[in-house]
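Before any comments, here is the structure.
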2 protein chains.
Amino acid sequence: MLSGNSYRLLNWKAWKNIRKFCSNPRKVPELTKDRYPVTRGQYAELSSDDISKFEGIVGKGRMIVNPVDVEPHNIDFIGCVRGYSRVVLKPKTTQQVSEILKYCNSRKIAVCPQGGNTGLVGGSVPVFDEVILSTQNMNEIETIDQVSGILVCQSGCILEQLDEKAHENGLCMPLDLGAKGSCHIGGNVSTNAGGLRLLRYGNLHGSVLGVEVVKADGTVLDLMSNFKKDNTGYHLKHLFIGSEGTLGIITKVAIFCPTASKAVNLAFLGVENYENVMKTFLQAKQELGEILSACEMIDAESLKCSTKPFNKSSPIADYPFYMLIETSGSNAEHDEEKLHNFLNNSMNSGIVLDGTTTNESKKMRDIWFLRERIAPGILMDGFCFKYDLSLPLKQFYDIVPAMTERVGSLATRVCGYGHIGDSNLHLNVSCPEFTQEIYKRVEPFVYEFTHKLKGSVSAEHGIGFLKPNYLKYSKGPEALDLMQQMKTLLDPNGILNPYKVLPKRL
Amino acid sequence: MLSGNSYRLLNWKAWKNIRKFCSNPRKVPELTKDRYPVTRGQYAELSSDDISKFEGIVGKGRMIVNPVDVEPHNIDFIGCVRGYSRVVLKPKTTQQVSEILKYCNSRKIAVCPQGGNTGLVGGSVPVFDEVILSTQNMNEIETIDQVSGILVCQSGCILEQLDEKAHENGLCMPLDLGAKGSCHIGGNVSTNAGGLRLLRYGNLHGSVLGVEVVKADGTVLDLMSNFKKDNTGYHLKHLFIGSEGTLGIITKVAIFCPTASKAVNLAFLGVENYENVMKTFLQAKQELGEILSACEMIDAESLKCSTKPFNKSSPIADYPFYMLIETSGSNAEHDEEKLHNFLNNSMNSGIVLDGTTTNESKKMRDIWFLRERIAPGILMDGFCFKYDLSLPLKQFYDIVPAMTERVGSLATRVCGYGHIGDSNLHLNVSCPEFTQEIYKRVEPFVYEFTHKLKGSVSAEHGIGFLKPNYLKYSKGPEALDLMQQMKTLLDPNGILNPYKVLPKRL
C-alpha cells in the first residue's frame, strides 16, 4: 500500500514509489533501441566541445551530465522506453533555447524537448542519445489579468501551480489532468492535452491564445496574443499545439482562464450495464447543462486498481460500471437542486442503481482518488499496454470484452475507463512484464478495431514514439504527406524530437 | 425607414434595400482596381474553352455567366470593393470542386471562393476577373448526433438553417452572428468567424472537429473527425480555419454543438461611462458565471444607427453607454434569480443606472434588433470605414474619442460598439461617400493606435483584400515569413483567392 501527503501522485517520485511495488522492483526498462526496431538517424555524436558550448549557453548549474541524475530524464513515466542521452540542458530563457537549437541545427545534433515527462507514448524521452532540453527552469508567470482572464507564462510552469495562481485571481485553468502536479504547461500545449474538464472548457486549440516558439534553426516565432479574438493571418500557433515538439519548442504560452466556480459537487454512481452508462450521460447533459464539468466512466476491473493496492474502498456497493459526475457553478443552492433532480430522475427510471453525492472537499478528493489512481494502480501489475481511443458512444465499450477474449490468460487484467463525456476510452492491458507474445496479440488488433469504427487511435495521449506506425489508421495518405511537408519545412535537418509522431519516410 | 418580415436583415436582398436609402442610391462601388493600388497577377484570361470545361464539370444549371446575375457576386456586402468576374461556378460535390481546382491550377486561372458573401474586408469577391466558386449548392446536412452533439455538413449550409436543425435535436450551433441568415458555415470556418456567443462557447478552433478541404491542385484532404479528441499527428485543419480560402477550399465541416439552453434572458442596461461598462462586465462574469452567454457594449452614437433609420426606440432613457447582457441556462427559475441578483447589486452600487430585462421572445428580438441593426444602419450614412479591433479592456474605448477628433467634420459619424466580453471593439467611421481625404485621415492611424496598445488589427473580420498591408501591425516578420511559406507550399501557383490576406511579396 502506498501512502503520500500529496493528493496528486503522478510525478516522478511517485512513479519510483510505485515501481517498488511492481512485480519487478527496481528493474529499469530495456533500452528502446533494443526493445523496438528503430535505427539511429545520421545525427552528430556529442563531443566535449559540444558540452562546453552548451555549458556556455545555459550556465553551469543548468546542465546535467552525471549519469545517475540524467537517468530519470531518459526513462518515461510508465517505464516503457529508455534512451541513453548524456546531457540534460535546462535553459532559463527563450534566448538560451534559441542559441541551443541554432547550435544543434548547425551541428546536426538531435534534440529531445522535455517538460514534466509524464507522457504516455514515449514522446518525452530520447530514443537514442538525443540532447534533452528540459523546460524545468522556464517557470515564470509573467502576467495574469483578472478581468480578461488571460494568463501569460513560460512553458515550464507546472499546471497545478498555474491553477493555484489562477484561483488566487478568481479564475481556473481550463484543463485538469491526473499529472497536474508534475506536467508542464508547455508539454500540455505541445501534446494538446485533454483531461478531465475538456467537456466543460473545451480543448487547448480553443483556450490557448498565443504561443512563443523556437524553430529548429533557432528563429524565435512570436505568435503571442493577449486576446480571445485575433484573425490576423494564418493561425500558425495551432501547428505547434499537439505536434509534440517535432516542429518547434514552445517557450511561452498565453491561455484563457475561465471564472472559477464557487460551488462544486460530485456524484459517484453505480450502473448495471454500458447501455445505461450512455443514457446517464445524455440525461446529465440535458439536466445539468451548463454546470456539468466532468462525466467519467469506470468499469469494475478498473476500480479494483485504485482501491485494492491503495487500501481504499468504494463509497457504494459493487456494480459492473461506475460513473463520476461533477458539477461546477456559481450558485451552490442552484447546483445542488439541479444535481438532486438529475439523480432522482435517473434513479427513478432505473438507469442508475445507486449513488452518493458530496460537496465536501475531503470526500470529493476521495472520490477523485478512485478515478485518478487507476493509471498508477495498473502499473503495479508490472507492465501495462495503454490505449487512448476516441470511439463512437454506441460502440464505446465493445473493445474491452473483445480484447479480454483475445489476450486470454496472457494478461493480468483488461479494463476500460475514461472520459465518456468526450467519447474517450482508456483501454489498459496489464501483464507481469512486457513480452513480444502479448504485444503481438494486442497490436495492431486494437488499432484495426478502432479503425473499423472510424475512431481515433490517439484521443489525447498523442503519437510519440509508440504510435507513428498506427497513424495511418486515423489519417489518410494526403494528410500524412502534408504533415511530412510541414516537418521538412520547419525542421529540414530533422533535429527536433526525431523518431516521434511521423512514420518513417519510405 | 425600412420594413421587413425577416428578423435578420443582413443578406444580399437586405443590402440592396438598404442601399436604396443611402445618400447615393443605386450607385455601385468603383471597380476595386480603380479605387485601390493593385496590379493583376499573371493569371490566364478565361477563354470560351475554359467556360465549356467548367460547364462540363458542374453542369449547366450550376454556372452563371449572365452579367446581371453575376454582378451581386462581384460586389461585397458593404459596397466597398467590386471585381469583374465573368463566371460563377456552383458545384454540388467535393469531387466537382476538386476538378475545378485541378483544371484552374493547370491553366493558372485565379479562383475566388465565395460563401454567403457577408464578409466585411473584401475577401469574398474577386479583385479582378477571378472565377467565382460559390458553395451555394453544397448545402447538405450529412448527420447530426444528439448524444455526442456532432453535426456534419457540407460547407454551403447556411448558419441559421444549421442552428434550426441543431435545435430540433436539443442542440445549438456554437456560433451566432448578425449575418446568420445568409452566411455559410464554410465561410464562417474559413474566416474563423467570432460573433455574439464566442464568450460562452469559445472559438471555432475549439468547436470545429474536422474539415474536408480541396487543395489548390485539386487534392482532397480528409481532415474530418467525429470526435472531440483526436491527437493523431499535426493538427492541420487549423491551417484552413481562418486562412480565408487562400490555402484551400473547405467543402465539409464537422462541428460540436452544445446542448441548447432551455431558458434565455436578456437585459438592456444604461451606463454612465466606459469605466462602469468594464466594471459591469466583471461583475456579470462573477455573478452570472456559467450562464452568461453574451455581453455587448453600444455607445450612444451607435444606438442612433439602429433606432432612427428603422423607426425604433430604446426601451430605456438616453445614456452615454448601453449594455446588452444575455443569459442562457438549463433552469429558468435559477437563471432569473441570478440575473435579478446581478442587476440589484449593480444598480445598488451605481455602476448601472437603468435597465430592463425580459425573457419574452418578441421583446428579446426587439432588443437584439438594436444591437444587430447597427451595422446596416450605419451604411445608410453612405459609406462606412469599418474596423474590428481587439484592445485591452482598460483602453478599450479610447480610440473612439481619438478618432472623432482626428476626422472632425469629414465624418458623418464615429461610433464604437461590440463584444466587450471578448475585448472586441467595432469602430465605425461613416461619411457620405468614400474619399481619399478621409481614408488617409483614418488609416493607418487606426492601426498605429491599435499597435501601440498591442491589440489586434482584425479581431474577427479577417484580413481579406482591405487589410494585408496592416498585418504587420499585429504580426512580426518571422510569422509573416512562415505564412508566406505555407502559401507557397499549399498553393504554389497562387490561384486561390489572390490579393488577399498576405501582403504582396517584395
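Model, not experiment: these values are computed from the prediction. Below, chain A is the first sequence line, B the second, and so on; all start at residue 1. Just the heavy atoms: all of them, side chains too, but no hydrogens, waters or symmetry mates, feed the values below.
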Look at [options] and state which one has the largest set of heavy-atom pairs under 4.5 Å with chain B.
| options | result |
| --- | --- |
| L389(A), L288(A), L198(A), I150(A) | L198(A) |
| I241(A), T219(A), L247(A), L282(A) | L247(A) |
| E290(A), H419(A), M278(A), K228(A) | E290(A) |
| T191(A), D388(A), L221(A) | L221(A) |
| N226(A), T246(A), L223(A) | T246(A) |
| D222(A), L236(A), V501(A) | L236(A) |

How close do [X] and [Y] get, heavy atom to heavy atom, and via which atoms?
| X | Y | result |
| --- | --- | --- |
| T327(B) | S293(B) | C-OG, 3.6 Å |
| A263(B) | A332(B) | CB-CA, 3.4 Å |
| S261(B) | R200(B) | OG-NH2, 4.3 Å |
| L199(B) | F281(B) | CD1-CE1, 4.4 Å |
| S190(A) | G245(A) | CB-N, 4.2 Å |

Please round to the nearest 0.5 Å and tell me the distance separating atom [atom1] of [X] and atom [atom2] of [Y].
| X | Y | atom1 | atom2 | value |
| --- | --- | --- | --- | --- |
| D335(A) | E326(A) | CG | CD | 11.0 Å |
| D491(B) | L496(B) | CG | CG | 4.0 Å |
| N497(A) | K487(A) | CG | NZ | 7.5 Å |
| Y470(B) | Y387(B) | OH | OH | 7.0 Å |
| I291(B) | F342(B) | CD1 | CZ | 10.5 Å |
| L393(B) | D145(A) | CG | CG | 7.0 Å |

Do you know which of [options] has the most heavy-atom pairs with chain A at a distance under 4.5 angstrom?
| options | result |
| --- | --- |
| L489(B), L204(B), V457(B), L239(B) | L489(B) |
| P468(B), S243(B), S207(B), P258(B) | S243(B) |
| K215(B), Q485(B), K338(B) | K338(B) |
| L471(B), L391(B), N231(B) | N231(B) |
| N192(B), N203(B), I463(B) | N192(B) |
| E337(B), E287(B), K467(B), H461(B) | E337(B) |

Is [X] in contact with chain B via its backbone, its side chain, both, or neither, using a 4.5 Å heavy-atom distance?
| X | value |
| --- | --- |
| E333(A) | neither |
| T232(A) | both |
| K454(A) | backbone |
| S390(A) | both |
| V213(A) | neither |

Chain A contact residues among residues 473-483 of chain B, heavy-atom distance under 4.5 Å: S474(B), K475(B), E478(B), A479(B), L482(B), M483(B)
Any side-chain heavy atom of I420(A) sitting closer than 4.5 Å to one from Y274(A)? yes
Side chains of E212(B) and T94(B): does their closest heavy-atom pair fall under 4.5 Å? yes
May I have all residue pairs that pass ring-ring contact (aromatic ring centres under 6.0 Å, His included) and include part of residues 192-236 of chain B, sequence neighbours excluded? H205(A)-H235(B), H235(A)-H205(B), H238(A)-H205(B), H205(B)-H238(B)
